[in-house]
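Step one of this worksheet: look at the structure below.
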Amino acid sequence: MEKIIIGNLKMNLLSVVEREQYLKLLKKELAGKKIKNFPIVLCPPAIHLEAFSKLKRKNVFFGAQNVFWKRSGSFTGEISPSMIKNMGAQFVILGHSERRKYFGEKDEEINQKISSALRNGLIPIVCVGETALEKEKGQTFRIISAQLKKAMQRINRTKLNQIIIAYEPVWAVGSDIIPSANEIMQVKILIKKILVEIFEKKYANGARIIYGGSVNSKTAKETCLDSGMDGVLVGRESLIPFEFLKIGQIINS
Ligand code: PGA
């Protein structure tokens, strides 16, 4: 199966001019090279979703970086799943470590967001991962198990093929330090095992498990191919369309 590449543009592209420059470069890269038809997902800030989604390519999709679980109403400052869907999103990143760290997001909330995203026909990209301290204390497996079990509560097993789990060690995000391929593979096995326990093998196998944290063209092979992951979630390098697509090509070579 082709490996998926997801770009998390975070809080970047500050103006219409910057956004248009980015989209111009992206289009050029998509047209210039012989990009194979692997799935590409770009998650810009929500205000840019509509403009991004005008880029129509059969293997390019869009997503948001967060969403609230309610459909509509008096929730000042929030954005609902149907809103992003109507602006062209098919995916949504949920439970990113930056949301957990700076906005205090808890597993229970993330669980509600996953349910709501699925109800609205969005594919949630659910981030789990341990901090540096937790890793040091040997708690990686315990932390990931707890995060995943809480996130997956009451999720309908027939929806597993519409869920992506991203293993993102918090210490690897934005740091240029990565786990070894073996360490990543161990976590993939753990995630698979938990999903099988909760949902049965037949359904659990439908979920894609990807890696995120300091993925670039140099680390792509080790973090995705050697570790047997189904794709990657890319932060910084997704801001450079050339580099971003190069990663996509490497993991699909
Ligand atoms: P990074 O970010 O690739 O810049 O480390 C990854 C992420 O936050 O998803």
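Just so you know, ligand 1 is whichever comes first in the structure, and atom 1 is the first atom listed for that ligand.
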With side-chain hydrogen bond (donor to acceptor under 3.5 Å, both in side chains) as the criterion, how do His96 and Gln65 come out once you've worked through the C-alpha distance, each side chain's angles and the decisive distance to 0.1 Å? CA-CA 8 Å; His96 189 279; Gln65 301 167 13; over 6 Å; no

Hey, are the side chains of Ile84 and Asn120 touching, using non-hydrogen atoms and a 4.5 Å cut-off? no

If you measure every N/O of Ser175 against every N/O of ligand 1, is any gap under 3.5 Å? no

Of all the atoms in ligand 1, which lie at a distance below 4.0 Å from a heavy atom belonging to Gly213? 5 (O)

Trp69 side chain near Lys113 side chain, heavy-atom distance below 4.5 Å: yes

For Gly174, take its heavy atoms, then give the atoms of ligand 1 lying under 4.0 Å from any of them. 1 (P), 5 (O)

I'd like to know if the side chain of Asp230 and the backbone of Ile209 have a donor-acceptor N/O pair within less than 3.5 Å. yes

Protein contact to atom 6 (C) of ligand 1 [nearest heavy atom, distance to 0.1 Å]: Gly235 N, 3.6 Å

Among the heavy atoms of Ser214, does any lie under 4.0 Å from an atom of ligand 1? yes

Any carboxylate oxygen within less than 4.0 angstrom of a Lys/Arg side-chain nitrogen, looking at Asp107 and Lys149? no

Name the closest protein heavy atom to atom 9 (O) of ligand 1, giving the residue it belongs to and the distance to 0.1 Å. Glu168 OE2, 2.7 Å

Please check: side-chain N/O of Ser53 versus main-chain N/O of Met87, any donor-acceptor pairing under 3.5 Å? yes

Residues that Glu18 engages under salt bridge (Lys or Arg N to Asp or Glu O under 4.0 Å), provided they are two or more places apart: none

Would one find an N or O of Val173, backbone or side chain, under 3.5 Å from an N or O of ligand 1? no

Protein contact to atom 4 (O) of ligand 1 [nearest heavy atom, distance to 0.1 Å]: Arg236 NE, 2.6 Å

For Lys10, atoms of ligand 1 separated by under 4.0 Å from a heavy atom: 2 (O), 7 (C), 8 (O)

Where on Glu237 is there a heavy atom closer than 4.0 Å to ligand 1, on the side chain, on the backbone, on both, or on neither? neither

Under the rule for ring pair (Phe, Tyr, Trp, His ring centres under 6.0 Å), what residues qualify as partners of Tyr203, not counting sequence neighbours? none

Under 4.0 Å from a heavy atom of His96: give me the atoms of ligand 1 that qualify, with their elements. 7 (C), 8 (O), 9 (O)

